[in-house]
Every structure is written in C-alpha cells, then in structure tokens.
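Scroll down for the structure; my scribbles are underneath it.
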Amino acid sequence: MLSLQLKTGDYMTIGEDVVVQLDHISGDRCKLMVQAPKDMAILRGEVLERTGGERPDCVFDGPRRHRQEVVWNRGKTQALNSIRLILRQMDSENPDVRTLKRQLDFIFPPEFASNGTLRAPKE
C-alpha cells in the first residue's frame, strides 16, 4: 500500500480520471475531496463492510499512533521562557516546584528554546 503525507491543498491523481485532494485537517480527522467518474463506486470502509464487502488485506486494524511533532514558533519560546522565569521565582525548596522544573526540563531541555530551534526535539 502506498503511504503519502499530504498538506492542506495537496492532491494526488489515480490513473487519469481520479483526483483526491486534502481539504483540511481538524484534530484527528481530515476532509478529502474526491473527483472520479460517476460510474465509479466510492464507499467508506464502514459502508463497504456493513453491506457485506470484505475489508481489503492492506487495511490496518484500529488507529495508528504517530508521535505528533510540535511546530515551534517565537510565541511558544516566549511562553516557555516565562514559565521558566516564574518557576525560578517560586520557592525552590518546595518539592512540587522542583518536580515541575524537572518535568519541564525533561519535555523541553533548557538548551532547546535558546538555540533557535523551530521544532520540538525529537525522541
């Protein structure tokens, strides 16, 4: 099975008569637009299976879990720096404050926001 990564507005063709375009993404859903000849049946998988059709062997079961990459920008860098400043000003003897600092440093290492990185660090 071919696997493609599309951005909003990207499209692909299938043969000479079918065009599939990614319209938009919202949460864990995307809207695809399909242009195909009227005599070509296009069914959602659940409709196909509900009407007695077989699930194709190439279709995986259940949702796949992909680690989503955090798109980073200056606003998020400023917010991260503000959080670090507030935590520095709080009572560092408090175990909850120490835990928060440790967790923040685990998620976003201190050098991350200061080195101009635009994307969150990869695992």
Side-chain angles (χ1 to χ4, degrees):
M1 175 182 287
L2 174 65
S3 175
L4 300 172
Q5 293 183 354
L6 302 174
K7 293 182 270 184
T8 301
D10 286 355
Y11 70 94
M12 64 182 170
T13 61
I14 302 172
E16 295 180 13
D17 299 330
V18 179
V19 178
V20 179
Q21 184 175 21
L22 177 58
D23 183 38
H24 72 271
I25 301 169
S26 177
D28 63 348
R29 295 180 167 262
C30 70
K31 180 180 176 185
L32 296 175
M33 298 187 306
V34 180
Q35 181 176 346
K38 293 198 184 292
D39 60 343
M40 181 179 287
I42 301 173
L43 296 174
R44 288 175 61 121
E46 64 186 50
V47 174
L48 174 70
E49 293 174 26
R50 188 173 54 227
T51 58
E54 293 281 325
R55 175 182 279 243
D57 291 336
C58 62
V59 175
F60 61 87
D61 290 325
R64 286 188 176 177
R65 302 272 178 193
H66 292 289
R67 187 174 86 74
Q68 293 185 345
E69 196 168 307
V70 176
V71 177
W72 207 255
N73 60 34
R74 291 186 207 289
K76 290 178 183 170
T77 298
Q78 290 171 342
L80 181 59
N81 289 336
S82 294
I83 292 169
R84 287 192 198 285
L85 178 63
I86 290 168
L87 285 173
R88 276 196 303 270
Q89 293 170 351
M90 294 175 78
D91 178 14
S92 61
E93 297 302 315
N94 182 324
D96 291 334
V97 173
R98 286 195 309 261
T99 299
L100 283 174
K101 286 180 181 178
R102 206 170 32 256
Q103 290 173 341
L104 185 65
D105 289 345
F106 176 76
I107 295 169
F108 299 105
E111 66 276 4
F112 167 69
S114 63
N115 68 6
T117 303
L118 292 179
R119 295 195 180 270
K122 295 190 180 209
E123 292 178 356

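Computation of the quantities below employed the complete heavy-atom set of this structure, encompassing side-chain atoms and omitting hydrogens, waters and symmetry-equivalent molecules. We number each residue from 1, following the sequence as shown.
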I want to check something: taking the side chain as every heavy atom from C-beta on, are [X] and [Y] in contact at a cut-off of under 4.5 Å?
X	Y	value
L104	L100	no
D17	M40	no
Q21	L6	no

Treating Ile, Leu, Val, Met, Phe, Trp and Tyr as nodes and any side-chain heavy-atom pair under 4.5 angstrom as an edge, say whether [X] and [Y] lie in one connected cluster.
X	Y	answer
Y11	V34	no
I14	L48	no
L2	L32	yes

Nearest-0.5 Å distance that lies between atom [atom1] in [X] and atom [atom2] in [Y]:
X	Y	atom1	atom2	answer
E46	R55	CD	CZ	10.5 Å
L22	Q5	CG	CD	12.0 Å
R84	K101	CZ	NZ	11.0 Å
D10	L4	CG	CG	9.5 Å
M33	H24	CE	NE2	10.0 Å

> More than 12 heavy atoms of other residues, nucleotides or ligands under 6.0 Å from CD of Q35: is that the case?
Replying inline: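 Incorrect, the count does not exceed 12.
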>> Using the rule given for side chain to side chain contact (heavy atoms under 4.5 Å, CB included), can you reason through T8 versus D23, listing the C-alpha separation, both sets of side-chain angles and the distance that settles it, and then say yes or no?
In response: CA-CA 6 Å; T8 301; D23 183 38; 5.9 Å; no
> Which heavy atom in V97 sits nearest to a heavy atom in L87, and how many Å separate them?
Replying inline: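 Where V97 meets L87 most closely, the heavy atoms are CG1-O, 3.9 Å.
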> What pair of heavy atoms forms the shortest contact from V47 to L43, and how long is it?
Replying inline: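 Smallest heavy-atom distance, with atoms named: CG1-CD2, 4.0 Å.
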>> If you apply the rule side chain to side chain contact (heavy atoms under 4.5 Å, CB included), what do you find for L85 with N81, and how did you get there?
In response: CA-CA 6 Å; L85 178 63; N81 289 336; over 6 Å; no
